[in-house]
Protein chains: 2
Amino acid sequence: MMRGMTTTERRRDAERTKAEILQVAQREFARKGYAGARVDEIAELMRTTKRMIYYYFSSKEQLFIAVLEKAYSEVRAVEQKVDVAHLAPVEAIRTLAELTFDHHDAHRDFIKLVAIENIHQAEHISKSPVLANLGTPVLDLIERILAAGKASGDFVTEADAVDVHMIISSFCFFRVSNAHTFGALFGRDMTAPENRARLRKMVGEMVVAYLRGAGAADVT
Amino acid sequence: MMRGMTTTERRRDAERTKAEILQVAQREFARKGYAGARVDEIAELMRTTKRMIYYYFSSKEQLFIAVLEKAYSEVRAVEQKVDVAHLAPVEAIRTLAELTFDHHDAHRDFIKLVAIENIHQAEHISKSPVLANLGTPVLDLIERILAAGKASGDFVTEADAVDVHMIISSFCFFRVSNAHTFGALFGRDMTAPENRARLRKMVGEMVVAYLRGAGAADVT
DNA sequence: CTTGTAATGTACGAACTGGTACGTTAGTTT
DNA sequence: AAACTAACGTACCAGTTCGTACATTACAAG
C-alpha cells in the first residue's frame with residue numbers, strides 16, 4: 001500500500017525501472033533507428049536487465065511505441081502552456097513560430113524519433129490509440145489567430161491552420177532533422193549556437209511575411 | 001573488347017547487373033532504413049544472387065554508400081538544368097522554389113534516403129569523397145539571384161544563399177519526409193494530388209514574401 | 001579451338017538478436 | 001511469522017543475417 005512511499009530507498013521500484021527503460025530506450029532508438037537499436041544494448045545501459053524490458057513492455061515494438069507515446073505526451077504538455085491569446089495576431093503567430101522553434105531545439109531526440117517513424121510509414125503510431133487526435137489543440141489555436149488576423153486586416157493570404165502549422169513545423173523540424181547532411185553538403189551547422197538566434201528570427205518573419213500576402217504574384 | 005556492344009542480348013552484363021542491384025537496393029533502403037533493409041531480401045528481388053552484391057560492392061555499407069552516391073548525382077544532374085538567369089529576381093527565386101518542389105515530389109525515395117542518412121549522423125556521406133562539395137552549384141545560383149534582387153530593390157531582407165536554400169528545402173523536404181506522421185496527426189496527406197498545386201504555390205510565395213522583408217517587426 | 005578471366009551460382013557458417021524458461025528475492029498482507 | 005505476489009536475475013535457445021569458400025560458366029583473345 002501507499003505507492004508513493006519512499007522514505008527508505010526501495011531496491012525494488014517498478015515505476016523507477018520502467019522510467020529508466022523508457023529513457024534509455026528513447027536515446028538508443030533516436031540514435032540508431034528502430035531496426036538499428038539493440039535490445040541487449042539498451043539493457044546494458046541500464047541498471048536492470050533485459051528481462052525487465054520484456055516484463056514491462058512485452059516486445060521491442062511495444063517498447064518503441066511506449067517511447068513514442070511518452071515523447072509525444074511531453075510535447076503536448078509544453079504546447080498547452082503557450083499563451084498567445086492576449087497578443088495581436090501578427091505577434092501571436094510570430095511568437096507561436098518562435099516557441100515552436102525553441103521546442104524543437106530542446107527536444108532533438110523527439111524529432112529523430114518522428115523522423116524514424118516516418119521512415120516506417122508511421123506504422124507504430126497507427127497501432128497506438130493514444131496518439132490519434134493529438135494535433136487538434138495547436139490547430140485550434142492557429143485557427144483563432146488566423147481569424148483574428150483576417151478580421152483586423154493584417155492577414156491577407158488564404159491559408160488554413162494546417163497549412164500554417166506545416167510552414168512553421170517544416171522549418172523547425174528540418175533544421176534539427178537534417179542538420180547532419182546539410183552540414184556535410186553546405187558546410188553550415190544549422191543547430192550551432194551562433195546560428196540559433198538568426199534562424200529563430202527567420203521562422204517568425206517568414207510566416208508573418210507570407211500571411212501578409214507579400215509573396216503573391218500580383219503584389220509589387 | 002567493345003564494352004557497349006549489345007547487338008545480341010548478353011546473358012552476362014556487368015553494367016546491367018550493377019545497375020539492377022543499385023536500383024533494387026535503393027528501394028529497399030528507402031523503405032526499411034539502413035539496418036532494417038536485408039541483403040538477402042534485396043537479392044531475392046533481383047534476377048541475380050546475393051553473391052553479386054558482394055562481388056561488386058563488398059559490403060552492405062558500401063552498397064548503401066553507392067546508392068547514396070547514385071541518388072545524389074542524379075539530383076545534381078537535374079539541378080544543373082535549371083535556367084533562371086534570364087528571369088527577374090522575384091520570378092527567378094519563385095521559379096527555383098517551385099522547381100525544387102517538383103524535384104522533391106518526383107524523387108521521394110531520395111528524400112527518404114537522406115532522412116535515413118541523417119538518423120545515422122551522415123556517417124556514410126562522410127566516408128564518401130564523391131559527396132563533398134556537392135551543394136555549391138545551387139548556392140552560386142541563389143547568390144546571384146539575391147545580388148540581383150538587392151540591386152533592383154526587390155529584396156530587402158538580409159539573408160544569404162544558405163539561409164534561402166534552407167527555407168526552400170525545409171518546406172519541400174518536410175512535405176515528403178513527414179507525410180506519414182503529419183497525415184496521422186492532422187488528417188491531411190501533404191503529398192496527395194489535390195494538395196500539390198496549393199503547396200507548390202505556397203513555397204514560392206513564402207520565399208518571395210520573406211525576401212521582400214514583409215515579415216520584419218517594424219513593417220506595418 | 002583452346003585457354004584465360006570476368007561474371008555468376010550454390011551451399012554454408014559464425015555471430016548476432018529478439019525472446020523465453022526457470023529460478024530467486026524483496027516487500028506486503030493477514 | 002507464514003504465505004503470497006510483484007519484481008528481478010541468469011542462462012539459454014531458435015531463427016536470422018551478413019558474409020564467404022568453392023565450384024561453374026559465358027565470353028573474348030590469340
Side-chain angles (χ1 to χ4, degrees), chain A residues 1-26 28-29 31-67 116 120 123-124 127, chain B residues 1-26 28-29 31-67 116 120 123-124 127:
Chain A
M1 216 228 255
M2 290 214 57
R3 259 345 203 27
M5 220 246 249
T6 33
T7 25
T8 59
E9 201 59 64
R10 296 161 81 192
R11 287 187 240 184
R12 302 202 155 185
D13 189 335
E15 299 309 316
R16 208 215 154 295
T17 304
K18 270 199 269 188
E20 187 176 2
I21 293 175
L22 282 174
Q23 187 190 318
V24 174
Q26 165 157 352
E28 278 302 292
F29 280 127
R31 287 189 191 172
K32 316 269 180 77
Y34 175 70
R38 302 295 163 213
V39 178
D40 288 278
E41 207 169 324
I42 293 173
E44 275 173 27
L45 293 168
M46 330 181 291
R47 255 170 285 188
T48 174
T49 64
K50 183 168 66 161
R51 178 70 184 76
M52 288 299 98
I53 294 175
Y54 290 93
Y55 185 65
Y56 288 117
F57 300 98
S58 346
S59 72
K60 183 184 183 182
E61 188 176 13
Q62 287 300 318
L63 174 61
F64 184 68
I65 293 176
V67 166
I116 291 165
H120 296 281
E123 58 170 321
H124 305 106
K127 284 180 188 168
Chain B
M1 215 228 258
M2 288 212 61
R3 257 344 201 29
M5 218 250 247
T6 34
T7 25
T8 58
E9 201 60 63
R10 297 162 81 192
R11 287 188 241 183
R12 302 203 154 184
D13 188 334
E15 299 309 316
R16 207 215 155 294
T17 305
K18 270 199 268 189
E20 187 176 3
I21 292 175
L22 282 174
Q23 186 190 321
V24 174
Q26 165 157 352
E28 278 302 290
F29 280 127
R31 289 192 191 171
K32 316 269 181 76
Y34 175 70
R38 302 295 165 213
V39 178
D40 288 278
E41 206 168 324
I42 294 173
E44 274 173 28
L45 292 168
M46 329 181 292
R47 253 170 286 187
T48 174
T49 64
K50 183 170 63 159
R51 178 72 186 79
M52 289 299 97
I53 294 175
Y54 288 92
Y55 184 67
Y56 287 117
F57 301 98
S58 350
S59 73
K60 183 185 182 181
E61 188 176 12
Q62 288 300 319
L63 174 62
F64 184 68
I65 292 176
V67 166
I116 291 166
H120 296 281
E123 57 170 322
H124 304 105
K127 285 179 188 168

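Convention: sequence-line order gives letters A, B, ...; per-chain numbering from 1.
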Quiz item: Between atom NZ in A/Lys32 and atom C1' in C/dT17, what is the gap in whole Å?
Solution: 14 Å
Quiz item: When the distance from CG of B/Asp13 to P of D/dC27 is rounded to whole Å, what number comes out?
Solution: 10 Å
Practice problem: Quick one: label B/Phe57 by what it contacts on the DNA or RNA (base, sugar-phosphate, nothing), any heavy atom closer than 4.0 Å. | Solution: nothing
Self-check item: B/Arg38 CZ to D/dC18 C1', straight-line distance once rounded to whole Å
Solution: 10 Å
Self-check item: Axial cation check for B/Tyr34 ring with B/Lys60, 6.0 Å and 45° limits
Solution: yes
Self-check item: Spacing between B/Lys50 atom NZ and D/dT17 atom P, to the nearest angstrom
Solution: 10 Å
Quiz prompt | Distance test, side-chain N/O of A/Thr48 to OP1/OP2 of D/dG9, below 4.0 Å | solution = yes
Exercise. Respond yes when some side-chain nitrogen or oxygen of B/Tyr54 is under 4.0 Å from OP1 or OP2 of D/dT20, and no when none is.
Key: no
Quiz item: For the side chain of B/Lys60 and the base of D/dG19, is some donor closer than 3.5 Å to an acceptor across the two?
Solution: no
Exercise. Go through B/Ile42 and B/Leu63 one step at a time and tell me if the side-chain contact (heavy atoms from CB on, under 4.5 Å) criterion holds.
Key: CA-CA 11 Å; B/Ile42 294 173; B/Leu63 174 62; 4.3 Å; yes
Exercise. Check every strand shown and say whether A/Arg51 touches a base, only sugar-phosphate, or nothing at a heavy-atom separation below 4.0 Å.
Key: base
Exercise. May I ask you to say what B/Ala43 touches in the nucleic acid, namely base, sugar-phosphate or nothing, with a heavy-atom cut-off under 4.0 Å?
Key: nothing
Practice problem: Quick one: label B/Ala35 by what it contacts on the DNA or RNA (base, sugar-phosphate, nothing), any heavy atom closer than 4.0 Å. | Solution: nothing
Quiz item: Expressed in angstrom and rounded to an integer, what is the separation of B/Ile53 atom CD1 from D/dT20 atom C1'?
Solution: 14 Å
Exercise. Tell me which nucleotide among C/dG9, D/dG9, D/dG19 gets nearest to the side chain of B/Met52.
Key: C/dG9
Quiz item: Do any side-chain nitrogens or oxygens of B/Thr17 fall under 4.0 Å of OP1 or OP2 in C/dA7?
Solution: no
Self-check item: Candidate nucleotides C/dG18, D/dG19, D/dA6, ranked by approach to the side chain of A/Tyr55 - the nearest
Solution: D/dA6
Quiz item: For A/Tyr56 and D/dC8, what is the distance between atoms OH and C1' respectively, to the nearest whole Å?
Solution: 8 Å
Quiz item: Once you round it to whole Å, what is the distance between P of C/dA7 and CZ of B/Arg47?
Solution: 17 Å
Quiz item: If only side-chain N and O atoms of B/Thr49 are considered, is one of them under 4.0 Å from the OP1 or OP2 phosphate oxygen of C/dG9?
Solution: yes
